[in-house]
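All figures in this text were calculated on a predicted structure; none of them were measured in a lab.
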Amino acid sequence: MLNSAFLILNEPIGGEFVNAFEVLGLNTDADQQQVHQAYRTRVKECHPDRFTDPDMQKRAQEQLIELNLAYAEALRLTAGLQGRYNGVPLDQAKQIAKRLMEQGRYESALLQLCRTDNKDDEWYFIQGQVLMQMKQYDSAHQSFREAVKMEPENREYRAGALEAAVAMKKHKKLPYKVLDWADGLIHPRKYK
């Protein structure tokens with residue numbers, strides 16, 4: 001299992017390719033019913049409400065995000081429609097994701113972004129913004145870097161990458177780990 005909570009399925013992360021079926025514990029020849037059953041089983045095992053320890057809840061939430069994304073991708077692949085299963089045009093997916101992010105519905109925004117097969121620089125930038133809100137700084141940094149690669153002169157993308165890099169470094173220090181832990185106790189994050 002990768003350390004990163006958010007996975008860009010079937011794309012390289014840290015030199016590895018992540019397969020939606022692997023995340024769900026299935027072979028690639030699984031059908032939709034098997035995908036659905038595996039998803040339900042895995043969600044019950046890792047649901048954050050099952051844990052009282054804040055660190056365990058956080059890890060469970062990260063795993064739940066990973067499972068949701070894997071489930072959406074596996075369903076798309078088993079539908080045999082390659083890009084048409086629940087597919088949404090790129091511009092529409094970005095607009096809906098922005099609205100969901102404004103509402104604080106970060107997990108839903110990520111899932112919305114995954115409904116399109118096309119990805120452009122703005123798609124990666126929006127993904128980075130959502131991940132920053134979820135305090136997934138490593139993954140956010142990766143997304144911002146992809147946006148910068150596609151549009152190197154965009155200052156907003158570069159600022160996002162820098163902000164994520166600073167946040168990654170800052171939150172690896174002990175005082176910030178304690179503050180994040182305490183904030184999680186006071187304001188438990190429920191992603192919608």
Side-chain angles (χ1 to χ4, degrees), residues 2 4-13 16-24 26 28-36 38-40 43 61-62 64-161 163-164 189-192:
L2 296 173
S4 176
F6 178 71
L7 301 176
I8 305 169
L9 298 171
N10 295 323
E11 291 193 11
I13 293 182
E16 293 183 36
F17 277 85
V18 179
N19 182 302
F21 295 99
E22 289 175 18
V23 172
L24 293 167
L26 295 171
T28 55
D29 61 350
D31 62 21
Q32 283 190 339
Q33 185 177 0
Q34 291 170 318
V35 167
H36 183 69
Y39 170 75
R40 288 178 54 106
V43 165
Q61 181 63 41
E62 291 170 353
L64 188 60
I65 292 169
E66 180 180 331
L67 285 172
N68 285 334
L69 294 170
Y71 177 62
E73 178 69 6
L75 281 179
R76 185 184 68 77
L77 293 171
T78 57
L81 300 176
Q82 292 297 347
R84 291 186 297 168
Y85 177 78
N86 282 338
V88 173
L90 178 62
D91 288 336
Q92 184 180 355
K94 291 187 296 188
Q95 292 295 3
I96 294 170
K98 286 178 185 178
R99 274 188 268 136
L100 290 168
M101 188 171 61
E102 289 169 2
Q103 297 169 2
R105 298 176 60 196
Y106 307 121
E107 186 177 335
S108 296
L110 287 176
L111 288 172
Q112 186 63 41
L113 286 172
C114 289
R115 291 182 65 193
T116 183
D117 281 341
N118 302 326
K119 298 172 185 163
D120 63 6
D121 55 318
E122 185 183 19
W123 186 96
Y124 284 104
F125 180 70
I126 294 167
Q127 181 185 51
Q129 290 178 313
V130 173
L131 291 167
M132 285 294 287
Q133 293 298 317
M134 296 174 71
K135 297 188 178 187
Q136 301 295 323
Y137 303 119
D138 293 340
S139 297
H141 187 249
Q142 288 176 359
S143 294
F144 287 130
R145 286 185 51 170
E146 282 300 316
V148 169
K149 281 182 195 175
M150 293 176 158
E151 191 66 43
E153 301 302 317
N154 189 310
R155 291 178 186 240
E156 190 176 19
Y157 297 171
R158 288 182 171 276
E163 181 184 356
R189 287 175 182 77
K190 298 277 184 179
Y191 300 109
K192 301 172 191 167

Q: So Phe21 and Val35, side-chain contact (heavy atoms from CB on, under 4.5 Å) or not? Walk me through it.
A: CA-CA 8 Å; Phe21 295 99; Val35 167; 4.0 Å; yes
Q: Below 30° counts as parallel, above 60° as perpendicular, anything between as tilted: where do the rings of Phe144 and Phe125 land?
A: tilted
Q: Does a side-chain heavy-atom distance below 4.5 Å link Leu100 with Leu110?
A: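 Counting from C-beta outward, Leu100 and Leu110 never come under 4.5 Å.
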Q: Give me the atom names and distance for the closest heavy-atom approach of Tyr137 to Met132.
A: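 What the structure gives for the nearest pair is CD2-SD, 3.6 Å.
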Q: Looking at Ala20 and Ala70, what are the two nearest heavy atoms and their distance?
A: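 Scanning both residues, the minimum pair turns out to be CB-O, 3.4 Å.
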Q: Compare all side-chain heavy atoms of Trp123 with those of Thr116 and state whether any distance is below 4.5 angstrom.
A: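 Trp123 vs Thr116: side chains touch.
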Q: What's the spacing between Tyr71 OH and Arg40 CZ if we round to 0.5 Å?
A: 9.0 Å
Q: Within a strict 4.5 Å, meaning less than it, do heavy atoms of the Ile126 and Gln129 side chains meet?
A: yes
Q: Quick check for you: to the nearest 0.5 Å, what is the distance between Glu62 atom CD and Lys135 atom NZ?
A: 12.5 Å
Q: Can you tell me how far CG of Leu90 sits from NZ of Lys119, rounded to the nearest 0.5 angstrom?
A: 10.5 Å
Q: Would you check, one step at a time, whether the test side-chain contact (heavy atoms from CB on, under 4.5 Å) holds for Arg115 with Ile96?
A: CA-CA 11 Å; Arg115 291 182 65 193; Ile96 294 170; 5.8 Å; no
Q: Supply the atom-to-atom distance Gln136 CD to Ser139 OG, rounded to the nearest 0.5 angstrom.
A: 6.0 Å
Q: Give me the atom names and distance for the closest heavy-atom approach of Met101 to Ala109.
A: N-CB, 4.2 Å
Q: Checking Asn154 against Arg158 for the side-chain contact (heavy atoms from CB on, under 4.5 Å) test, could you report, in this order, the C-alpha distance in whole Å, the side-chain angles of both residues, the deciding distance, and whether it holds?
A: CA-CA 7 Å; Asn154 189 310; Arg158 288 182 171 276; over 6 Å; no
Q: Dump the intermediate steps for side-chain contact (heavy atoms from CB on, under 4.5 Å) on Glu146 and Gln142, then the final yes or no.
A: CA-CA 6 Å; Glu146 282 300 316; Gln142 288 176 359; 5.9 Å; no
Q: Could you report the tightest heavy-atom contact between Asp120 and Lys94, atom names first, then the distance?
A: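 Heavy atoms of Asp120 and Lys94 come nearest at OD2-NZ, 2.8 Å.
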Q: Tell me whether Gln133 contacts the main-chain N or O of Val130 through its side chain, where contact means a donor paired with an acceptor under 3.5 Å.
A: no
Q: Say you draw a straight line from NE2 of His141 to CG of Asp138; how long is it, rounded to the nearest 0.5 Å?
A: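 Reported to 0.5 Å precision, the distance equals 9.0 Å.
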Q: For Gly128 and Ala140, which heavy atoms make the closest approach, and how far apart are they?
A: O-CB, 3.5 Å
Q: Find out whether Lys98 and Glu122 are in side-chain contact, i.e. whether some heavy atom of one side chain is under 4.5 Å from a heavy atom of the other.
A: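 In contact.
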Q: Nearest heavy-atom pair of Val23 and Glu66: which atoms, and what distance?
A: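 Taking Val23 first and Glu66 second, the nearest heavy atoms are CG1-OE2, 3.5 Å.
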